[in-house]
There are 2 protein chains.
Amino acid sequence: MFFLKELPSSEMIASVTADVPDVDPEHVQTVLERLRSASVLLRDIEAFLRTHALSQTQFLALMMIAREPERNSLSAVEISKRLDVSKPVLSKTIGSLMDKGLLAPAKEQPVDQRQKQLSLTEKGQSVFTNVLPGYFALLGGAAM
Amino acid sequence: MFFLKELPSSEMIASVTADVPDVDPEHVQTVLERLRSASVLLRDIEAFLRTHALSQTQFLALMMIAREPERNSLSAVEISKRLDVSKPVLSKTIGSLMDKGLLAPAKEQPVDQRQKQLSLTEKGQSVFTNVLPGYFALLGGAAM
DNA sequence: CCCACATAGTTAGCATGGTAACTATGTGGA
DNA sequence: TCCACATAGTTACCATGCTAACTATGTGGG
């Protein structure tokens, strides 16, 4: 997250970037503004998801499984190819989703015994279905 | 941070947003792409700052003091008006910057004894000066 | 004057992110 | 065959974010 409330003035950006070759101060200004909007939106999304007792990562993990075409389960390693978090974080995320009863081991386990196939429970399906419209409404309403 | 490696396909966005009134799927797509770019850039910035043993918040706190016009010190409450983090986080950030010897109590303390005026040490000045060009080079080089 | 309220900052406890290092299982070439 | 290496997932430990509640100081109306 980018935590500045007030962005640096154009004058300050211009004076600082003057020392740095090949940097366009106006582009820097644009990038800073977008970082700020993205951070604000991400906070709003987190606050919204928290009202459903989900973190952003938990929600995205549910989405990866729910929206996988042709299948209703994924292994952790498959989720981690779609979700950009470290392995331990994914492991903990899956653990907390299982504790909440939103995720469970899939009925059909893979031959490779190192993997754990995971699918949404009924509760997981229904929570995801409830949250999704609000999530996209936030994305759609964002001024970026 | 927004942790999807692959964004949802336009088809999926279209199908989901069809249920949500007043949401333009193309706008959602744009917002998702910007969230993703912002997250990637923020990670790059964090990685860069880490090579100088600074967190993003620590660096921004230094910047707030270093770039304050007409003054060379700020109180915590003044920093918190410019930096969008909670009071306890700011308190810890200031503590860690003081531990590193980058920040110190200012020579002139305010009359209000609840406040602690803070200024950069020489080391803090020099670290900040060293880091700033690389920081703006990253911002300037970002494709957003 | 003084007590209620406001403000500055800290402490305590929790959630979520990271890396390093570990176990367990699979795989491929000598 | 079997041993070195690769891959899946977990454990341990730490940094940084949050809220709630605390202490200390300042301020203003009765």
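Sequence lines set the chain letters: A, B, ... in the order given, protein chains first and strands last, and positions in each chain run from 1. All of these numbers come straight from a predicted model, not from anything done at the bench. Side chains included, hydrogens not; waters and symmetry mates left out as well; all remaining heavy atoms used.
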What nucleic acid atoms does A/S55 come within less than 4.0 Å of, heavy atoms only: base, sugar-phosphate, or nothing? sugar-phosphate

Looking just at side-chain N and O atoms, do B/Q58 and B/K100 make a donor-acceptor pair shorter than 3.5 Å? yes

Does B/Q109, at its CD atom, have more than 12 non-hydrogen atoms belonging to other residues, nucleotides or ligands within less than 6.0 Å? yes

Tell me what A/V89 touches on the nucleic acid: a base, only sugar-phosphate, or nothing, going by heavy atoms under 4.0 Å. base

Whole-Å gap separating P (D/dC18) and CZ (A/R50): 10 Å

Indicate whether the side chain of A/Q117 and that of A/S73 have a donor and an acceptor atom separated by less than 3.5 Å. yes

What does A/E46 touch in the nucleic acid at a heavy-atom separation under 4.0 angstrom: a base, only the sugar-phosphate, or nothing? nothing

Nearest 0.5 Å please: distance from the CZ atom of A/R82 over to the CD atom of B/E6. 6.5 Å

Has A/E46 got more than 12 heavy atoms of other residues, nucleotides or ligands less than 6.0 Å from its CD? yes

Check the distance between D/dC14's C1' and B/K92's NZ and give it to me in whole angstrom. 12 Å

Covered region of DNA chain C, 5' end to 3' end, by chain A [heavy atoms, under 4.0 Å]: C/dT16 to C/dG26

First of A/V85 and A/V111 reached from the 5' end of DNA chain C, by closest nucleotide: A/V85

For the pair made of CG in B/L90 and C1' in D/dT16, what is the distance, rounded to whole Å? 13 Å

Whole-Å distance separating the CZ atom of A/F2 from the P atom of D/dT16: 18 Å

Could you tell me if the ring centre of B/Y135 sits under 6.0 Å from that of B/F59? yes

Using heavy atoms to find the nearest nucleotide of DNA chain C for B/Q117 and A/T57 separately, return the residue whose nucleotide is more 5′. B/Q117

On DNA chain D, nearest-nucleotide positions of B/T93 versus B/K87: which is more 5'? B/T93

Scan A/Q58 against the nucleic acid and name what it touches under 4.0 Å (heavy atoms): base, sugar-phosphate only, or nothing. sugar-phosphate

Just to confirm, is there a sub-4.0 Å distance from OP1 or OP2 of D/dC18 to any side-chain nitrogen or oxygen of A/R43? yes

According to side-chain contact (heavy atoms from CB on, under 4.5 Å), who are the partners of B/S86, at least two apart in sequence or on a separate chain? B/P88, B/V89

